[in-house]
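Both counts, for ligands and for their atoms, begin at 1 and track the order of listing. Predicted, not measured: the structure shown is a model, and the values here were computed from it.
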Amino acid sequence: MNIEWDKLGFEFMPTKSNIRFTYADGKWGEGRLCNSYEISINVAANCLHYGQAIFEGLKAFRGKDGKIRIFRPDENAKRLNSSAKRLCMPEFPVEKFIEAVKTLLQDNIEYVPPYGTGGSVYIRPVMFGTTPQIGVASSKEYELVIMAMPAGPYYKGGFKPVDAMSVTGFDRAAPHGTGTIKCAGNYAASLLPAKIAKENHCPVPLFLDPKTNEFVDEFGTSNFLAITKDGKYVTPASSSILPSITNKSLMQIAEDIGMTVERRPIHISELAEFAEVAACGTAVVITPIGRIFCGDQVFEYSKEVGANLQKLYDTITGIQYGEVADTHNWTVTL
Ligand SMILES: *Cc1c(COP(=O)(O)O)cnc(C)c1O
């Protein structure tokens with residue numbers, strides 16, 4: 001094994017093992033560590049036709065003190081279960097999920113990037129229906145596989161502003177209320193708008209609300225947050241966005257450091273007023289947005305990382321790497 005920690009991006013990389021659970025006869029079995037990434041399923045498996053496939057994303061960090069901290073795995077377990085519920089899939093016990101993540105990390109411990117490289121281990125659980133069936137119905141059997149891989153920055157260049165473009169006319173977000181679900185189907189439908197944004201030199205698509213196209217929803221893989229000129233933290237209240245655990249944590253941190261937090265609808269006309277804008281999520285952490293292209297308008301923000309975003313970034317990463325007191329007991333130590 002010879003990993004150049006400083007050069008890590010956000011790409012699939014096989015590690016020693018993944019951990020697998022099978023659901024059959026109405027219950028989840030015991031976890032099995034598996035050294036292969038291959039899986040054999042029936043061509044008629046539900047997940048391939050009717051899309052019973054959900055996932056999660058969380059990270060673990062090697063701290064200054066050498067300890068490995070998993071960031072809020074209970075929240076990911078709970079969100080996995082709310083996605084499962086919505087797609088008629090079985091829930092997975094929260095404690096069993098946390099134990100599985102620990103077992104997986106222990107077995108892949110040499111893949112956790114050293115402290116100081118800015119890297120982390122990205123943990124990706126995926127659950128899918130495997131029962132062969134042609135009539136539309138929910139699967140009877142499921143597989144939950146959790147894998148882990150070392151990761152660096154999601155957008156190349158690290159903590160620097162990137163451009164975003166609003167994409168409209170795509171109903172990814174929820175004609176059936178699925179915008180709140182971290183599932184394969186939503187992501188498949190987001191690929192075309194994301195491709196259009198990229199073709200316009202914007203790494204990040206910005207989704208507006210599907211009903212009126214007048215309110216900000218979220219970025220392609222991350223929530224939207226803005227800092228107003230008078231220093232308030234603003235983030236959309238919307239029924240068609242994914243409830244980000246990073247955003248939830250940042251709202252708490254913002255309150256802790258005395259900022260006013262507003263979760264409310266954000267009209268696109270407000271984009272002209274914000275001092276700082278960022279995308280937030282496990283993979284992107286906080287990624288400042290340099291410009292937003294919205295119809296025939298361009299909104300420009302700082303070319304540098306703003307002071308408020310920097311403070312939020314330093315605090316959340318400080319908690320993750322064990323440099324800042326974890327006053328809310330968010331991290332689980334291996
Ligand atoms: C995962 C995800 C996010 C970010 O959620 P975190 O819990 O912060 O990682 C935001 N939007 C979408 C669409 C997502 O899939």
Side-chain angles (χ1 to χ4, degrees), residues 10 51 53-61 70-84 86-87 94 97 101 120-127 146 148-149 151 153-155 162 164 166-167 170-174 177-194 197 203-210 216-226 233 235-254 263 266 277-287 289 309 312-313 315-317 319-320 328 330-332:
F10 195 80
I54 56 177
F55 67 96
E56 268 304 322
L58 61 157
K59 277 180 174 171
F61 305 81
I70 313 163
F71 191 66
R72 309 192 78 172
D74 51 322
E75 288 289 329
N76 291 92
K78 284 190 260 172
R79 193 173 60 191
L80 180 78
N81 286 338
S82 72
S83 298
R86 177 62 179 82
L87 298 195
V94 173
F97 179 93
V101 169
S120 57
V121 164
Y122 182 71
I123 300 153
R124 168 54 64 87
V126 59
M127 189 200 290
I146 310 179
M149 66 204 80
Y154 189 83
Y155 297 110
V162 298
S166 76
V167 281
F170 300 96
D171 54 2
R172 165 206 177 206
T178 52
T180 56
I181 315 289
K182 213 168 173 77
C183 65
N186 277 345
Y187 269 92
S190 79
L191 294 176
L192 179 58
V204 192
L206 174 65
F207 288 92
L208 305 181
D209 81 289
V216 174
D217 252 353
E218 64 170 331
F219 296 109
T221 65
S222 47
N223 274 188
F224 176 102
L225 80 89
Y233 182 116
T235 194
S238 163
S239 57
S240 51
I241 62 177
L242 204 281
S244 156
I245 297 159
T246 312
N247 198 4
K248 184 175 174 179
S249 308
L250 290 171
M251 283 189 263
Q252 181 67 57
I253 290 170
R263 218 175 133 262
I266 298 176
V277 171
C280 69
T282 298
V284 303
V285 195
I286 292 178
T287 294
I289 300 297
L309 291 178
L312 291 166
Y313 179 87
T315 309
I316 195 165
T317 55
I319 293 169
Q320 291 168 334
H328 299 284
W330 284 338
T331 61
V332 172

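Short contacts between ligand 1 and Tyr187, defined as distances under 4.0 Å to a heavy atom of the residue, involve ligand atoms 12 (C), 13 (C), 14 (C), 15 (O). Interface atoms of ligand 1 facing Ser222, defined by a heavy-atom separation under 4.0 Å, are 10 (C), 11 (N). Every atom of ligand 1 is numbered from 1 in the order shown, and the set under 4.0 Å from a heavy atom of Asn223 is 10 (C). The distance from ligand 1 to the heavy atoms of Thr282 drops below 4.0 Å at these ligand atoms: 6 (P), 7 (O), 8 (O), 9 (O).
Considering backbone and side-chain N/O of Thr246, one or more are found under 3.5 Å from N/O of ligand 1. Among the atoms of Ile245, some N or O lies under 3.5 angstrom from an N or O of ligand 1.
In the candidate list Glu218, Lys182, Arg79, Lys182 is nearest to atom 1 (C) of ligand 1, counting heavy atoms.
Summarising the geometry of Pro205 relative to Pro193, their closest heavy-atom pair is CB-O, 4.3 Å, with the distance given to 0.1 Å. For Ala278 against Phe219, the heavy-atom pair with the smallest separation is O-CE1, 3.5 Å. The minimum heavy-atom distance linking Ile241 with Pro236 is given by the pair CD1-O, 3.7 Å.
The salt bridge (charged side-chain N to carboxylate O under 4.0 Å, His left out) search around Arg124 returns none, not counting sequence neighbours.
A heavy-atom distance below 4.5 Å is not found between the side chains of Ser120 and Gln320.
Rounding to the nearest 0.5 Å places CD of Glu56 at 12.0 Å from NZ of Lys78.
Here Thr221 has backbone heavy atoms under 4.0 Å from ligand 1, and that is the only part of it that gets that close. Under 4.0 angstrom from ligand 1, the non-hydrogen atoms of Ser244 come from both its backbone and its side chain.
If you run side-chain hydrogen bond (donor to acceptor under 3.5 Å, both in side chains) between Ser249 and each of Arg72, Glu75, His328, only Arg72 comes through.
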